[in-house]
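In what follows, a single structure is set out as structure tokens and then discussed.
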Amino acid sequence: MKIAATYENGQIFQHFGHTEKFKVYDIQDGKIVSAKVIDTNGSGHGALAGVLKDLGVDTLICGGIGGGAQMALAEAGIKLYGGVSGDADTAVNELISGSLNFNPDVKCNHHGEEHHHEGGCGSHSCH
């Protein structure tokens with residue numbers, strides 16, 4: 001199993017489409033055996049699913065994520081755990097143990113609108 005988390009300063013980054021880094025974890029026998037931080041090289045939104053697929057990732061932990069990116073992940077065969085915040089390493093360990101608190105209906109509604117509201121994606125509205 002290979003798990004990726006949107007990543008910034010040890011935390012789950014809260015906007016999938018704008019993430020600059022993923023932390024990718026190799027899991028064997030229910031334990032993290034290695035982890036490395038990967039730069040997305042400026043890839044955004046739809047291209048990020050391809051980056052993850054090329055890395056062999058089968059599971060993603062993130063904060064907010066839009067519908068288009070969710071579809072791209074599904075098409076790439078990557079299982080999504082969205083609506084997660086906090087420490088990335090802790091979230092991965094919680095996922096492995098079956099105790100991760102996530103939102104199966106996470107949405108990030110910010111495309112084509114003005115950003116005058118507060119929310120989980122910085123100034124975007126995620127829930």
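These numbers were taken from a predicted model, which means no experiment stands behind them. For this chain, numbers begin at 1 and follow the sequence in order.
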Within the distance-only criterion (no hydrogens, no angle test), does the side chain of Thr40 pair as donor or acceptor with the backbone N or O of Thr19 below 3.5 angstrom? yes
When rounded to the nearest 0.5 angstrom, what is the spacing between CD1 in Ile61 and OG in Ser85? 11.5 Å
N/O donor-acceptor pair under 3.5 Å between Asp58 side chain and Lys2 backbone: yes
Hydrophobic cluster membership, with links at side-chain heavy-atom distances under 4.5 Å among I/L/V/M/F/W/Y: are Leu55 and Ile78 in one? yes
Looking only at heavy atoms, the pair that brings Val84 and Gln14 closest together is O-NE2, 2.9 Å
About how many Å separate CG of Asp89 and CD of Gln11, when rounded to the nearest 0.5 Å? 9.5 Å
Is the side chain of Gln70 donor-acceptor paired with the backbone N or O of Leu80 at a distance under 3.5 Å, no angle test? no
Of Leu95, Ile27, Leu52, Leu73, which meets side chain to side chain contact (heavy atoms under 4.5 Å, CB included) against Thr59? Leu95
Do you know which two heavy atoms are closest between Gly83 and Val106, and how far apart they sit? N-CG2, 3.6 Å
Would you name the heavy atoms of Ile12 and Ala91 that are closest together and state the gap between them? CD1-CB, 4.1 Å
Parallel under 30°, tilted from 30 to 60°, perpendicular over 60°: which one fits the rings of Phe16 and Phe22? tilted
As an exercise, state the distance from CG of Asn93 to NZ of Lys31, rounded to the nearest 0.5 Å. 10.0 Å
Of the options Asp26, Val92, Val57, which is the one that meets Ile3 in a side chain to side chain contact (heavy atoms under 4.5 Å, CB included)? Val92
